[in-house]
Trainee: 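Before I ask anything, here is the structure I am working with.
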Number of protein chains: 4
Amino acid sequence: MRRGTATVVPDPETALARPLRADARRNRERILKAARSVFADQGSDAQIDDVARRAKVGVGTVYRHFPTKDALLDALVRERFDEICVLADEALARDDAWEGFRDLVWRSAELNARDRGFCDAIAYHDQTAVVVDCGLMGRVEQLMRRAQAQGALRADATTDDISLMMCGLGSVVRTIPSPDVWRRYVALMLDGLRAT
Amino acid sequence: MRRGTATVVPDPETALARPLRADARRNRERILKAARSVFADQGSDAQIDDVARRAKVGVGTVYRHFPTKDALLDALVRERFDEICVLADEALARDDAWEGFRDLVWRSAELNARDRGFCDAIAYHDQTAVVVDCGLMGRVEQLMRRAQAQGALRADATTDDISLMMCGLGSVVRTIPSPDVWRRYVALMLDGLRAT
Amino acid sequence: MRRGTATVVPDPETALARPLRADARRNRERILKAARSVFADQGSDAQIDDVARRAKVGVGTVYRHFPTKDALLDALVRERFDEICVLADEALARDDAWEGFRDLVWRSAELNARDRGFCDAIAYHDQTAVVVDCGLMGRVEQLMRRAQAQGALRADATTDDISLMMCGLGSVVRTIPSPDVWRRYVALMLDGLRAT
Amino acid sequence: MRRGTATVVPDPETALARPLRADARRNRERILKAARSVFADQGSDAQIDDVARRAKVGVGTVYRHFPTKDALLDALVRERFDEICVLADEALARDDAWEGFRDLVWRSAELNARDRGFCDAIAYHDQTAVVVDCGLMGRVEQLMRRAQAQGALRADATTDDISLMMCGLGSVVRTIPSPDVWRRYVALMLDGLRAT
DNA sequence: CATGAATGAGACTTCATTCAT
DNA sequence: TATGAATGAAGTCTCATTCAT
C-alpha cells in the first residue's frame, strides 16, 4: 500500500502504477484540496460525502482514488510530511544544527497549529509509516546527530522524542482553544531537549 | 453542562439539589463503576448501552443520572481529579516543593497511563472547569509558587503549563503503543520546567 | 442462535430469553407480517427499510428484533416450517403413510408455490438448521419409514431426498412464470420416489 | 434483449449484422472466456469490472460487445446450450432412444454440476428463448418422441419436463454443498420420467 | 423512578452503467 | 473504437437519545 519512494516530494503517479490520466489527476487534486478544507472545517467528523460535494465529484470518484476514508487521510498526511521534508532540507543546509533543528520544530508546529481540524482528523491516524516513507525520519535523525555533535542537543535525544513531541502537540492544538498556547508547549519541549 | 459547584471536593449529591434516595445513590455508584470499566475497555467507542448493561441497569436510568454521554464522562473526570487532589495534598505536605511537584506529576501521569481507554474517551472532553472546581488548580498553583520560591521551578511556569503537559500526555498515552513511552515524555517536560 | 425448542409451534418468547414486553411482542409480529408481505412483493431485493416502513416502525426497531437481514429471513423460514410441522402431524395421524406423505408434500409445496417472492428471498438461506430445530425432520423421517414399511415408498429414500426436492421446487416456483408448472414438478418427483 | 436468430447454432457475428473486425472478434472471445472464469469463481457476485480486468480490456469494451450484464450472461448461456446441442446430436445418433435421452440428461447435468458459480450466476436468467433458438429444444423433442415410441419414456413427458428438471437441478447444484447430491436428484427425476 | 424498546438521521461503501479522452 | 474514470442511487447497519410501560 505504501509506494516506498524516498524523494522529497514523491510523485505517486509515476511510481509503480501507471500514470493517471490527465482528468483523473485533476480530480485527484480537487479531491485532496476539498478534503483539506473539509477536514479543516469539520475535523474528524468530516464525511466523505462532503468531500465529494465540495470537490464537485461523485462519491464514487472519491472512493476510486482513495478506497477508504483512512486512505484519504493518509494522502493528506503524506502531503503534510512532504512539506515538512522541504523544511527539513532547509534546516540541514544551515551551519548551526541546533538552530536548524529548533526552527524546523517551530515551523512544522506552526504548520499544524494553523489547522486544528486537520490535527483533529489525524489524531488517530498511524503516521509512523509515512514519516519513514517520505524520508523525514532520516533527515531529522541527521539533523539531530549534528546538533548533538555540536553539543546543543541533549545526548540521549532520539527521533522518537520528536514523534512524542509532535503527538502531544496535536492534542494541545486541537484541545486548547487559545490560539497561541501551542507556542508555550513547543518552548517547554525544546527546553527539555536542549543540552544542559 | 457544568454543574457550577465551587466547593473544594464537591459532592454533587449534597450540594443544592435534594439528597438522592439511598437506592438512587447506589445506582449512581454502580453506573460510575460500570462506566469506568467500560470506557477503560472500549475507549471512545464505548456505548451508553454497554455501561447500562454492565451496571445491570436500564439505559433510562443512566440517562436519569447523567443526562448526556458527556455528563457521564465529566463525572468520571471529576473522580479522577479528586484522586489527584489527594496526591496534591500529599505533595504540599512535603518540605521540598520541587520534589513534591515532580512526584505529583509522575503519580498523576501514571494514573492516566494506566488506562489508555479512559484517556481515549476523554480526549475531547473539556476539563478546564473541572480542574478549577475540584480545587486541584489552587493546590498546584500553591505548590508551584513554593517550588519557584525555592528556586527549583522555572520562574515563568504557570498552572497552564501543567494543563498543557497533561493534555499532551493524554495523546501520547492513547496514541503510542509502547507502554512506557509516556515516561520519556514526562521526563522531557519536567526538564523543560526545571529552573536552569 | 438457535433456540433448540422441539415443540410443534415453538414460542420463541418463552425460550431462554426473558419474555418480550407486550409492546415489543406486538412490534415483533408487525415486523414479521410486514416482512412477509415485503418479501412476497420484492423477493430477494426486499430492503429492510421497506419492511420497517410497512411495519410503521423505525429501522432500528427492525434491527433490534432481527440483528441482520438474514435473521429476519430466518424467522420467516421458521414460521413457514412451523406451519408445515402442523401438516406433518396431520399426515402422521393417517393410516396410509404413503397418502400422508404424498399429501404432505403437496400441501407444503402449495404453501411455497403461493408466494414466489418468499421462495426467491430464501433461495440462498441455509435451512438445514431450521428443519431439524423445529422438529420437521424427525416427523418426516417417521412418516417415510412407515411409508417404506408399507411398501409404498422406495426403500432407499431418505429425508435428504425431500430437501432435494424442495430445493428444486423453490427454483421452479420462482423461475417459471406459468403458475401451475410446479405441480408437474411435484408429480414427477413423487413418481420418482414411489416404490416400483 | 434476445437477438432473435433462428439458425440451429447461430453465429451471432455472421448473422445479419456486419461481421466484426478481426480484433473485435478476438476481444469478444477474450471477454467471453474471462466471463466464464469470473462467473465460475464468483457466481452471481461477479462484477463486470472483474470480467474486464481478467480479459485485459476496458469496461467500455465489455459494454460495447454486451450492452448489459444480462446480455453477457445470455451469451454464456448460449454457449453452454451449444455444447449441449452437440451432446444431443450424439444422443440422437444412438439406436436406443432412452439410453440416448438418459445419457444426455446425465451429461448435461454434469456440465452444470461442474461449475456451481455459473449455475449461481444464471439462476435468475430466463433461458426459454435460448433453448429454442439454439435448436436444443427441437432435438430433445425428437429424442423424447423416439423414446416414447420405444416405450421407455412415459407417454405424457414433454420438453417442459426437461426444463423443469434442469431448473431444479441448478438450485440443487448451487445450494447444496455436498458435491454429488445432484446425482441423486437426477436419478430420482429420471425414475419419475421412465415409463412404468 | 426504573426499564428497555423505539427512533431515525446519518455513516460508509458498492457497482451497473455512462461518457469524456 | 477502446479505455477506464466518473457517476450516484441504493443498501446495510449504528447509536445517542427519547418515551411508553
Trainee: Rounding to an integer number of Å, can you tell me how far D/Arg30 CZ sits from F/dT3 C1'?
Mentor: 13 Å
Trainee: Report the nucleotide, chosen from F/dA16, F/dT12, E/dA2, that has the shortest atom-to-atom distance to any side-chain atom of B/Arg64.
Mentor: E/dA2
Trainee: When both hydrogen-bonding distances must be under 3.5 Å and the geometry is Watson-Crick or G-U wobble, what is E/dT21 paired with, if anything?
Mentor: F/dA2
Trainee: Rounding to an integer number of Å, can you tell me how far C/Glu29 CD sits from E/dA5 C1'?
Mentor: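 Nearest whole value for this atom pair: 16 Å.
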Trainee: Tell me: CZ of A/Arg53 to P of F/dA6, nearest whole Å?
Mentor: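 Rounded to whole Å, this separation is 18 Å.
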Trainee: Would you call D/Arg53 and D/Asp50 a salt bridge, taking side-chain N to carboxylate O under 4.0 Å as the test?
Mentor: yes
Trainee: Is the shortest distance from a Lys or Arg side-chain nitrogen in D/Asp74 or D/Arg78 to a carboxylate oxygen in the other one below 4.0 Å?
Mentor: yes
Trainee: Map D/Lys56 and B/Asp45 onto DNA chain F by nearest heavy atom, then report which one ends up closer to the 5' terminus.
Mentor: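 Per heavy-atom nearest nucleotide, the more 5' residue is D/Lys56.
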Trainee: Could you check D/Asp49 against A/Thr68 and say which one's nearest nucleotide on DNA chain E is further toward the 5' end?
Mentor: A/Thr68
Trainee: For F/dT1, take OP1 and OP2 only and decide whether either is under 4.0 Å from a side-chain N or O of D/His65.
Mentor: no
Trainee: Think D/Arg80 forms a cation-pi with D/Phe118, using NZ or CZ under 6.0 Å from the six-ring centre and within 45 degrees of its axis?
Mentor: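 Yes, D/Arg80 lies over the aromatic ring of D/Phe118.
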Trainee: Please figure out whether D/Gly58 or B/Tyr63 has its closest DNA chain F nucleotide nearer the 5' end.
Mentor: D/Gly58
Trainee: Taking for each residue the nucleotide of DNA chain E bearing the nearest heavy atom, is the 5' side occupied by C/Val62 or by A/Lys69?
Mentor: C/Val62
Trainee: Between C/Phe66 (CZ) and E/dA5 (C1'), how many Å, whole number?
Mentor: 14 Å
Trainee: Round to a whole Å and report the spacing from CD1 of C/Ile48 to P of E/dA6.
Mentor: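 Interatomic distance, CD1 of C/Ile48 to P of E/dA6: 15 Å.
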Trainee: Would you call B/Asp115 and B/Arg174 a salt bridge, using N to O less than 4.0 angstrom?
Mentor: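 No, no charged N to carboxylate O under 4.0 Å.
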Trainee: Tell me: CG of B/Asn27 to P of E/dT3, nearest whole Å?
Mentor: 6 Å
Trainee: Can you tell which of F/dC15, F/dA5, F/dA2 lies closest to the side chain of D/Thr61?
Mentor: F/dA2
Trainee: Taking CD from C/Gln42 and C1' from F/dA10, how many angstroms apart are they, rounded to a whole number?
Mentor: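 Result: 13 Å.
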Trainee: Hey, is C/Asp41 close enough to C/Arg54 for a salt bridge, meaning N to O under 4.0 Å?
Mentor: yes
Trainee: Starting at CD of B/Gln47 and ending at P of F/dT17, how long is that distance when rounded to a whole Å?
Mentor: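 Nearest whole value for this atom pair: 12 Å.
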